[in-house]
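The structure appears right after this line, and notes come after that.
So you know, we letter chains A, B, ... as the sequences are listed, proteins then strands, and number each from 1.
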2 protein chains.
Amino acid sequence: MPLINELDDFLALKDRFIPQLSVDCVIFGFHNQQLKVLLLKLKNLDLWALPGGYVDQSEGIDEAAQRILEERTGLRDIYLEQFRVFGSADRSTKEFIQKIMEVHRPEAMNDSWVLQRYVSIGYYALVDFSKVNPKPDFLSESSEWFEMKQLPKLAFDHREIIQKALETLRITLDSKLVGSNLLPETFTMMELQSLYETILEMPLRRNNFQRKMLSLDILERVEKLYTGAANKAPYLYRFKKS
Amino acid sequence: MPLINELDDFLALKDRFIPQLSVDCVIFGFHNQQLKVLLLKLKNLDLWALPGGYVDQSEGIDEAAQRILEERTGLRDIYLEQFRVFGSADRSTKEFIQKIMEVHRPEAMNDSWVLQRYVSIGYYALVDFSKVNPKPDFLSESSEWFEMKQLPKLAFDHREIIQKALETLRITLDSKLVGSNLLPETFTMMELQSLYETILEMPLRRNNFQRKMLSLDILERVEKLYTGAANKAPYLYRFKKS
DNA sequence: GCAAAAGTGTTCTCAATACACCCATGA
DNA sequence: TCATGGGTGTATTGAGAACACTTTTGC
């Protein structure tokens with residue numbers, strides 16, 4: 001069984017990683033006017049989890065997060081932001097790891113290094129939904145996008161981590177040019193506004209939003225987009241390089 | 001020699017702590033119109049360092065930071081904020097720890113757990129300067145306040161950590177009621193303004209500053225302060241409880 | 001009374017808001 | 001030509017900046 005081999009191989013890597021330290025990534029995407037998060041379905045369990053991993057002894061924590069992201073999405077040089085460390089004494093990681101290991105290798109459970117208490121560094125990532133090619137890791141059977149509003153049953157304290165990531169995203173929304181990472185190359189003003197409304201969870205005024213965005217001098221107009229609808233064709237925009 | 005015993009005792013604590021994870025605290029105080037940072041002078045070295053420590057297996061990271069702060073300042077329930085993790089692969093911790101250990105126990109150097117690579121969680125703390133009773137730890141011979149503008153030679157990447165802490169403090173200045181932690185119980189408007197000017201490193205207009213602070217509805221006037229100077233006596237203010 | 005610093009009033013500016021209008025598109 | 005949604009013009013509001021003025025204190 002390849003599954004067991006993979007787990008054994010992984011458990012043998014103990015010395016490669018910094019012990020009791022993990023990285024969890026909240027990967028945000030935007031699709032169909034919805035803010036989405038990429039989650040992994042744990043094998044044989046009715047539980048989902050954030051993409052995560054460990055920090056190799058020879059790599060920095062940011063590189064570890066980039067590597068984990070690349071492994072789960074196929075994308076390089078993703079926009080990434082460290083936002084908080086989760087390290088309270090009563091983080092319920094052990095119970096979940098036990099559950100996971102029971103499914104795979106009950107006999108290896110007692111002395112494994114993964115059963116220790118963990119401190120986890122939270123990162124959030126912004127990706128172009130359409131470019132992501134989700135890949136589950138060896139502990140999970142699938143990888144799917146979920147709407148922020150309809151998250152499934154989550155393992156560990158991952159619901160809290162997602163919540164904190166979203167709060168951070170909201171606070172830094174204006175200063176971080178979030179759109180340039182979450183939207184495709186070109187987009188309409190309505191899509192950009194919809195993104196902001198979704199993140200902030202509040203309606204914005206169409207005309208004022210447009211004026212404000214244009215006044216920031218970060219967008220340039222491309223051609224018009226003819227959808228076939230019986231109304232004025234909107235311009236497509238793109239973020240300026242510089 | 002008590003010094004050596006203390007170090008040996010400490011090195012024997014290996015299993016109590018989460019390995020390769022440390023906490024560094026940037027303790028800000030305000031005195032004589034100056035923003036200050038509390039630093040420790042490493043024994044027999046011309047180097048200063050931030051108060052720091054390790055996370056006990058049974059405590060959360062926030063509690064660890066609180067414990068470290070209490071040990072170095074004598075104060076409980078300090079205002080504390082996690083601001084960033086420092087974990088790049090090339091953090092120059094090993095060289096410094098070697099220097100420190102050479103001074104104390106050159107023969108214990110090779111296999112010690114403190115010589116490993118470390119990931120450090122940065123916290124900043126805001127304290128009432130006048131209430132702090134600085135105490136050095138067993139690796140340091142003294143504990144002193146330094147002006148932000150005149151920091152001494154610092155070990156590790158502690159200069160960078162202090163810099164990042166200050167940047168975070170600046171950004172969150174308006175939303176965090178910084179004054180209520182850095183100033184004594186009562187203070188003049190001029191002192192509050194001076195604090196803001198020091199943190200922001202920019203002059204503010206006296207009259208506009210006063211109006212803005214009063215309009216926030218977080219201050220209450222106490223009695224006037226008669227200094228003996230030949231001018232109008234300023235009111236003393238205090239932060240409202242609520 | 002005078003200098004010095006505290007406190008208040010008033011205008012100006014600019015950006016965010018709100019409301020209104022014009023433009024393009026396909027049926 | 002009409003409904004629909006995109007784009008722009010303009011009045012209003014409010015916070016912050018800039019300037020001026022009044023008040024209090026000890027000499």
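- Relative orientation of the A/Phe209 and A/Tyr196 rings is perpendicular, given thresholds of 30° and 60° on the angle between their planes.
- Applying the side chain to side chain contact (heavy atoms under 4.5 Å, CB included) criterion to A/Glu71, with sequence neighbours excluded, gives A/Arg67.
- Using a 4.5 Å heavy-atom threshold, the side chains of B/Ser180 and B/Phe187 count as separate.
- Of the residues listed (B/Leu69, B/Asp62, B/Ile68), the one engaging B/Leu80 in a side chain to side chain contact (heavy atoms under 4.5 Å, CB included) is B/Leu69, and it is the only one.
- Ionic pairing of B/Glu63 and B/Arg76 is not present here: no N-O contact between side-chain nitrogen and carboxylate oxygen is shorter than 4.0 angstrom.
- A centroid separation of less than 6.0 Å is found between the aromatic rings of A/Tyr54 and A/Tyr118.
- Rounded to whole angstrom, the span from the CE atom of A/Met213 across to the P atom of D/dT8 amounts to 15 Å.
- Distance A/Phe209 CZ to C/dA15 P: 18 Å, rounded to the nearest Å.
- The pair B/Arg238-B/Glu220 counts as a salt bridge, with a side-chain nitrogen and a carboxylate oxygen less than 4.0 angstrom apart.
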Check: protein-nucleotides 9-16 of chain D nitrogen or oxygen pairs below 3.5 Å:
residue : atom : partner  : partner atom : Å
D/dG9   : N7   : A/Arg211 : NH1          : 3.2
D/dG9   : O6   : A/Arg211 : NH2          : 3.1
D/dT10  : O4   : A/Arg211 : NH2          : 3.4

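- Annotation: the terminal axes of the helix from C/dG1-D/dC27 to C/dA27-D/dT1 meet at 20°, where each axis is the rotation carrying the C1' atoms of four end pairs onto the next four (5 pairs per end, rounded to 10°).
- Comment: A/Lys41 engages A/Glu141 in a salt bridge, judged by a side-chain N to carboxylate O separation of less than 4.0 angstrom.
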TODO: Would you give a per-nucleotide map of nucleotides 22-27 of chain D, 5' to 3', where B means the base has a protein non-hydrogen atom under 4.0 Å away, S means only the sugar-phosphate does, and - means neither?
DONE: -BBBB-

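- A salt bridge is absent between A/Glu144 and A/Lys36; no separation between the charged side-chain nitrogens and carboxylate oxygens falls under 4.0 Å.
- The distance between atom OH of B/Tyr235 and atom C1' of C/dT8, rounded to the nearest whole Å, is 11 Å.
- Between the side chain of B/Gln150 and the backbone N or O of B/Glu147, no donor-acceptor pair lies under 3.5 Å.
- Side-chain atoms of A/Gln33 never come within 3.5 Å of backbone atoms of A/Leu195 as a donor-acceptor pair (strictly under, hydrogens ignored).
- Within the 3.5 Å criterion, the main-chain N or O of B/Ser175 finds no donor-acceptor partner in the side chain of B/Thr172.
- For the pair B/Gln210 CD and D/dC21 P, the interatomic distance rounds to 19 Å; values are reported in whole Å.
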- [ ] Would you sort out whether B/Gln193 and B/Glu197 count as a side-chain hydrogen bond (donor to acceptor under 3.5 Å, both in side chains), showing the intermediate values?
- [x] CA-CA 6 Å; B/Gln193 179 180 340; B/Glu197 288 181 332; 3.1 Å; yes

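- Contacts between residues 184-206 of chain A and DNA chain C, defined by a heavy-atom separation below 4.0 Å, involve A/Arg205, listed by number.
- Using bins of under 30°, 30° to 60° and over 60° for the plane-to-plane angle, the ring pair A/Phe156/A/His158 lands in the tilted bin.
- At least one side-chain heavy atom of A/Phe83 sits under 4.5 Å from a side-chain heavy atom of A/Tyr124.
- At a non-hydrogen distance threshold of 4.0 Å, nothing from residues 169-176 of chain A comes into contact with DNA chain C.
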